[in-house]
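Report on the following structure.
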Amino acid sequence: MCLVTALTHVTMVFLHVAPANPVSKRYSPQVNAWVYPLFEQNWRLFAPDPDSANRQILARTSHTASDGSVRVSDWFDLTAVDSSAVEHNVFPSHTTQNLLRRAWTTYVELHGGDDAANSERAVMLQQYLRNIAADRFAHHNRDPFEFIQLRVLTLPIAASGTAASKSPSVPVENRLLPWWKVTTHGN
């Protein structure tokens, strides 16, 4: 089983990084489903593109009670949970540090500013971001919910050599995403 999985993985990654050919074109949907989002390849390891802003990702949920009333939770700071996990861990994992941040960055690259999914990959990334947020919210709050909404505050990073106290940290962008249906967190 391990050998078959390893061979499948190597073949899929090879078809993903190989120049376009009849085989990679024919199996493109299967290759992309295997590679994205977990095995995404990019050059940022060798030419890092540091963030020019800090993003604070918040989530809130909605639950419809049996009497028909709708309860919306308070905003929950997902970024603060990640930061706390990194700060209080001697050996923080790469996943803890970057999963939510990279999911958001890729979401923005594929959706732009209108939150419309124009490709299968964009739909997949929207689901991926929704699932990360729903799992993290459910881990810290046991109340049931059917919908989740994200809000992303983009805060500028002060240039090196400038005093941080000279200018207050005012969000450059306050982006509110639409409500997304969540089916697995009815707790």
Test item: Thr106 side-chain N/O and Ala103 main-chain N/O as donor-acceptor pair under 3.5 Å: no
Say whether, by atom type as modelled, one donor and one acceptor occur between the side chain of Asp77 and the main chain of Trp75 under 3.5 angstrom. no
Nearest heavy-atom neighbours spanning Trp179 and Thr61: CZ3-C, 3.7 Å
Hey, does the side chain of Ser83 reach the backbone of Thr79 with a donor-acceptor pair shorter than 3.5 angstrom? yes
Is there a continuous path of hydrophobic side-chain contacts, each under 4.5 Å between heavy atoms, that joins Tyr36 to Leu100? yes
pair Ser62-Val70: side-chain heavy atoms closer than 4.5 Å: yes
Looking only at non-hydrogen atoms, find the nearest pair between Ala122 and Asn118 and report the distance. CB-N, 3.9 Å
Is it the case that the side chains of Trp34 and His16 hold a donor-acceptor pair, with the cut-off being a distance below 3.5 Å and no angle test? no
What are the two closest non-hydrogen atoms of Thr11 and Leu7, and how far apart are they? OG1-O, 2.8 Å
If you measure from the Lys or Arg side-chain nitrogens to the Asp or Glu carboxylate oxygens, is any gap between Asp82 and Arg136 under 4.0 Å? yes
Looking only at heavy atoms, the pair that brings Asp114 and His111 closest together is OD1-O, 2.7 Å
Do Ile57 and Arg151 have side-chain heavy atoms sitting under 4.5 Å apart? no
When you compare the side chain of Arg55 with that of Leu155, does any pair of heavy atoms fall below 4.5 Å? no
Starting from Val23, can I reach Met12 by hopping between I/L/V/M/F/W/Y residues whose side chains sit under 4.5 Å apart? yes
Indicate yes or no for a side-chain donor-acceptor contact from Gln149 to the backbone of Leu176 under 3.5 Å, with no hydrogens or angles considered. no
Any heavy-atom pair between the side chains of Pro178 and Asp115 that's under 4.5 Å? yes
Would you give the length of the straight line joining atom CG of Asn141 to atom OG of Ser73, rounded to the nearest 0.5 angstrom? 6.5 Å
On a heavy-atom basis, the closest approach of Ala59 and Phe137 is O-CE1, 3.8 Å
Could you tell me if Asn32 and Arg121 have a donor-acceptor pair between their side chains, going purely by distance under 3.5 Å? no
So Leu58 and Phe76, do their side chains get closer than 4.5 Å, heavy atoms only? no
Give a yes or no on whether Val81 and Tyr128 share a hydrophobic cluster (residues Ile, Leu, Val, Met, Phe, Trp, Tyr; joining criterion: side-chain heavy atoms under 4.5 Å apart). yes
Say whether, by atom type as modelled, one donor and one acceptor occur between the side chain of Thr5 and the main chain of Met1 under 3.5 angstrom. yes
Do Phe147 and Val182 have side chains that approach each other closer than 4.5 Å (heavy atoms only, starting at C-beta)? no
When you measure from the side chain of Asn98 to the backbone of Arg101, do you find a donor-acceptor pair of N or O atoms at a distance under 3.5 Å? no
Check: Ser69 side chain, Ala65 main-chain N or O, donor-acceptor pair, under 3.5 Å: no
Side chain to side chain, Phe14 and His9, heavy atoms closer than 4.5 Å: no
Got Glu173 and Val152 here, is their nearest side-chain heavy-atom distance under 4.5 Å? no
